[in-house]
Amino acid sequence: MPQKWNSLDTDVLVIGGGVAGCMAAIPALEAGLSVVVCEKGKVLDHCGSVGCGVDHYLTIMESGPEWDTPEFLIKHLPKLTDGIVDMAVASRVIHEMPKVVRKIESFGVNFKDPRFNDYYRLRSFGLPGTYHINFDGTEFKKHIGQRVRKLKGSVLTRTMAVQILVEDGRVYGAIVFNFRTGEWTVVRAKAVVLAAGEVNRISLNASGMAFDSWHCPYNTGDSQAMAYNAGALLTNMEFVETTITPKGFSAQGLNALVSEGAHFINKSGERFMFKYDEKGENARRAVIADAVINEYLLDNGPIYADCRHLPEDILDHMEATLQIDRYTMPAFYEQKALNFREEPIEVSISELSIRRSGVYFRGSGLAVDTDGQTSISGLFAAGDCASVSGGIAGAAVLGHVAGEGVASFVPKTNGSLPQIDMETADAIREKAMKHMEVEKERGLSWKAYEAEIRQTVNDYIGVRRNEAGLRHALQTLHALAKRETDLKADDLHGLMRIHESSSIRLNAELMATAALARDESRTGSSHYRMDHPDTDETNWKKFVIVQKGSEGAETTTLSASEPLAAAFARKN
Amino acid sequence: MSSDMKAEEQTVHNPIQIDPETCVKCNLCDWICPGDLIYKKEDNRETLPVIAYPDECWYCGLCQSICPVDAITVIFPDQMINCQTDVKTLLGKVID
Ligand SMILES: Cc1cc2nc3c(=O)[nH]c(=O)nc-3n(C[C@H](O)[C@H](O)[C@H](O)COP(=O)(O)OP(=O)(O)OC[C@H]3O[C@@H](n4cnc5c(N)ncnc54)[C@H](O)[C@@H]3O)c2cc1C
Ligand code: SF4
Ligand code: SF4
């Protein structure tokens with residue numbers, strides 16, 4: 001019996017109600033547009049990466065000194081990004097930072113440190129100034145989510161977007177399903193904002209547990225996958241990101257450690273970071289990760305984070321704020337019986353993500369223009385799925401830019417929306433629902449399927465790559481694609497996971513394809529080609545752009561002195 | 001492709017303990033879990049929440065932080081607390 005469809009018409013559909021999605025919804029709602037947010041979580045105030053809290057926010061505040069101006073930070077962008085950055089978009093984001101931080105404050109977020117009733121600003125990750133506000137961001141997301149609800153944004157909760165609808169190069173909606181009720185909805189929209197985050201669950205980590213991940217394991221690159229399938233351009237997909245975590249628990253905390261003055265030491269007690277960067281532990285995340293990887297490869301492991309030299313008041317502050325970025329960190333240390341004031345903490349690299357390779361403003365994902373619009377007309381993107389990103393601030397600011405972009409785009413569309421082709425919609429749903437009917441003998445579990453993807457990425461597409469390995473990985477990933485129809489869902493929750501697995505596999509394929517194209521190395525282990533170990537400044541100051549071609553993923557390049565929008569075919 | 005790709009059941013570590021005596025069956029943990037792991041019957045003050053997909057836990061502690069009566073404790077498994085993995089195995093294989 002054919003199942004019935006729900007249908008919804010709206011001006012704007014936002015996919016993903018995290019930081020970027022909420023911040024995009026706000027200006028669209030303020031402009032009087034109707035907005036529907038489609039979100040896998042149930043509560044907008046707590047869903048996404050930072051539902052439990054954050055502790056640092058990167059921003060320009062124009063507080064007086066030269067370093068605190070947009071111009072100063074923009075001047076440093078090429079160096080910060082190893083020359084691969086969309087200067088036009090990043091500059092717009094940086095210029096908008098002071099406005100957006102004040103706007104978020106107006107929602108009720110308190111960025112000030114109660115100890116001094118002032119902003120506590122720290123330097124970290126190679127930035128040329130003390131751009132990070134360290135603050136108690138336990139309620140950060142709550143205030144942003146509340147704002148969306150106050151402005152009367154509608155939210156489809158526990159709802160996963162599975163496909164965006166594009167016709168003649170213009171987006172007009174998406175197909176989504178609720179994994180608790182099994183309801184399927186066709187949403188027609190004049191503009192769509194993709195904000196479903198980065199790609200996780202894509203490689204192995206020390207605990208061997210797929211969902212023990214530094215970043216949110218329920219963000220699986222669905223924006224990137226849906227947009228790629230619809231023909232959008234993606235960039236920087238070759239770069240991987242990893243961080244340093246306490247061994248066994250892939251978690252946040254590196255920023256707090258290094259900005260407060262922790263040292264990294266190897267098994268001989270040597271403080272090695274200065275061998276790799278003159279900034280020592282204050283180097284960019286990518287450089288720190290690279291140094292730790294190198295030390296392990298040199299058999300200098302185990303590596304430790306060492307806080308023992310820090311003054312008592314700093315240690316007290318660290319201990320008091322340990323739970324802000326990762327609520328369960330104190331419990332982890334406690335259950336491990338580890339006292340970081342007195343003992344060094346053994347560290348590991350985390351699993352990989354495709355996000356922004358430890359480099360601010362060089363996002364991996366959907367190429368966007370200065371309004372946050374992708375290469376598909378009416379399709380916008382922001383946050384960790386976009387080509388300019390930078391944590392919560394990057395997501396908030398580009399999200400806000402995209403929301404303003406949508407607000408000026410929608411009135412120009414004359415209210416016209418194509419009719420939904422229900423045959424296509426039925427076919428999409430039928431293909432999905434077939435996973436519920438796969439016979440037991442043929443059925444593959446998504447867990448095992450993903451495990452094979454993670455092993456492949458770990459071994460051949462991870463922090464050490466060469467052509468033979470990448471080609472081998474692509475073969476495996478293509479073979480896995482052919483078996484996707486065998487994935488068996490035991491329930492609706494499993495059906496949701498299968499869609500995630502499918503996105504993860506596709507993103508791994510895009511990463512391998514882009515990594516094969518960039519036959520040089522850049523930014524340490526973010527893209528280390530053992531067969532091309534040098535950085536080639538003459539030929540490779542370029543973006544690698546990935547797009548769906550007739551035979552699968554195809555790559556082109558674009559000089560990094562151009563904005564990515566120069567590669568867009570869309571006219572408007 | 002390996003044969004272990006067939007679905008198979010294993011006993012899995014339970015990431016969160018819910019104290020049945022303290023729990024007031026308010027549903028908050030179900031609503032808040034970002035992974036859709038906790039299932040609790042709506043409008044029902046009798047049933048306890050169930051951890052339906054324990055091996056998909058992020059160990060984020062959101063459920064614990066939101067629980068109004070502190071009924072939830074996050075318990076890390078041995079693989080995390082006492083992790084013995086050689087970090088070098090995470091650094092890729094090199095083939096010619
Ligand atoms: C624990 C933690 C602490 C962090 N702390 C900091 C910090 O202190 N400072 C900082 O700058 N950065 C921090 N980060 C990074 C920061 O959270 C991210 O960079 C930022 O949230 C990115 O915003 P986003 O909107 O792209 O993604 P998110 O905020 O994660 O939002 C993505 C949303 O999309 C939803 N979604 C995913 N797929 C689908 C789909 N198919 N359909 C519908 N919805 C979908 C998800 O449920 C999620 O709500 C932290 C990250 C974590 C995990
Ligand atoms: S949040 Fe706490 S009290 Fe409420 S149902 Fe969950 S465990 Fe019980
Ligand atoms: S710790 Fe996080 S992921 Fe695990 S059950 Fe609780 S809320 Fe869900």
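All of these numbers come straight from a predicted model, not from anything done at the bench. Note on naming: letters A, B, ... go to the chains in the order of the sequence lines (proteins, then strands), and numbering restarts at 1 for each one.
Heavy atoms closer than 4.5 Å to chain B are found in the side chain of A/Asp491, but not in its backbone. For chain B, the nearby part of A/Lys447 is the side chain; its heavy atoms alone come within less than 4.5 Å. Looking at A/Met329, neither its backbone nor its side chain comes within 4.5 Å of chain B, counting heavy atoms on both sides. Both the backbone and the side chain of A/Lys247 have a heavy atom closer than 4.5 Å to some heavy atom of chain B. Contact of B/Pro15 with chain A is not made at all, since no heavy-atom distance falls under 4.5 Å. Contacts of A/Ser49 with chain B are made by backbone atoms alone, with heavy-atom separations under 4.5 Å and no side-chain atom involved. If you measure heavy-atom distances from B/Ile66 to chain A, the contacts under 4.5 Å come from the side chain alone. Of the atoms belonging to A/Arg201, not a single heavy atom falls under 4.5 Å from chain B. At a 4.5 Å heavy-atom cutoff, the contact between A/Ala331 and chain B is made by backbone and side-chain atoms alike. Only the side chain of A/Arg180 comes within contact range of chain B, with at least one heavy atom under 4.5 Å from a heavy atom of that chain.
For the atom pair A/Glu467 CD and B/Asp96 CG, the distance stands at 12.0 Å (nearest 0.5 Å). Going from atom CD1 of B/Ile32 over to atom CG of A/Asp45 covers 8.0 Å, rounded to the nearest 0.5 Å. Note: A/His46 NE2 to B/Ser65 OG = 7.0 Å, rounded to the nearest 0.5 Å. Separation of atoms CG (B/Leu62) and OG1 (A/Thr328) is listed at 10.0 Å; rounding is to 0.5 Å. For the atom pair CD1 of A/Ile293 and NZ of B/Lys88, the computed distance is 13.0 Å after rounding to the nearest 0.5 Å.
Salt-bridge annotation for A/Lys336 and B/Asp78: absent, with no side-chain N of the basic residue lying under 4.0 Å from a carboxylate O of the acidic one. B/Asp36 has no carboxylate O lying under 4.0 Å from a charged side-chain N of A/Lys42, or vice versa, which leaves the two without a salt bridge.
Considering all non-hydrogen atoms of both residues, B/Cys83 and A/Ala206 come closest at SG-O, 3.4 Å. A/Phe211 and B/Glu56 get closest at one heavy-atom pair: CD2-O, 3.4 Å. Residues A/Asn466 and B/Ile95 come closest through the heavy atom pair ND2-O, 2.6 Å. Heavy atoms only, all atoms of each residue included: B/Met80 and A/Ser207 are closest at CG-CB, 3.9 Å. The nearest pair of heavy atoms linking A/Val463 to B/Leu90 is CG2-O, 4.4 Å. Between A/Gln335 and B/Phe76 the shortest heavy-atom distance is OE1-N, 2.9 Å.
No other option in A/Gly53, A/Gly301, A/Gly48, A/Ser213 has as many heavy-atom pairs under 4.5 Å with chain B as A/Ser213. Residue with the most contacts toward chain B among A/His472, A/His215, A/Glu351: A/His215 (heavy-atom pairs, distance under 4.5 Å). Between chain B and the options A/Gly469, A/Gly51, A/Cys52, the largest number of non-hydrogen pairs under 4.5 Å is found for A/Cys52. With chain A as the partner, the residue from B/Leu37, B/Asp86, B/Asp30 showing the most heavy-atom pairs under 4.5 Å is B/Asp30. Of the listed residues A/Pro217, A/Ser203, A/Gly462, A/Ser525, the one with more heavy-atom pairs under 4.5 angstrom with chain B than any other is A/Pro217.
The main-chain N or O of B/Thr89 is found under 3.5 Å from a side-chain atom of A/Asn458 such that the two form a donor-acceptor pair. Side chain of A/Arg464 to backbone of B/Leu91: a donor-acceptor contact under 3.5 angstrom is found. Judged by distance alone, with hydrogens and angles left aside, the side-chain atoms of B/Trp58 form no donor-acceptor pair with the main-chain N or O of A/Cys216 at under 3.5 Å.
For A/Phe249 and B/Tyr59, the ring centers sit 6.0 Å or farther from each other.
Counting heavy atoms from C-beta outward, B/His13 and A/Met209 have side chains that stay 4.5 Å or more apart.
Between A/His493 and B/Tyr53, the ring-plane angle classifies as parallel under the 30° and 60° cut-offs.
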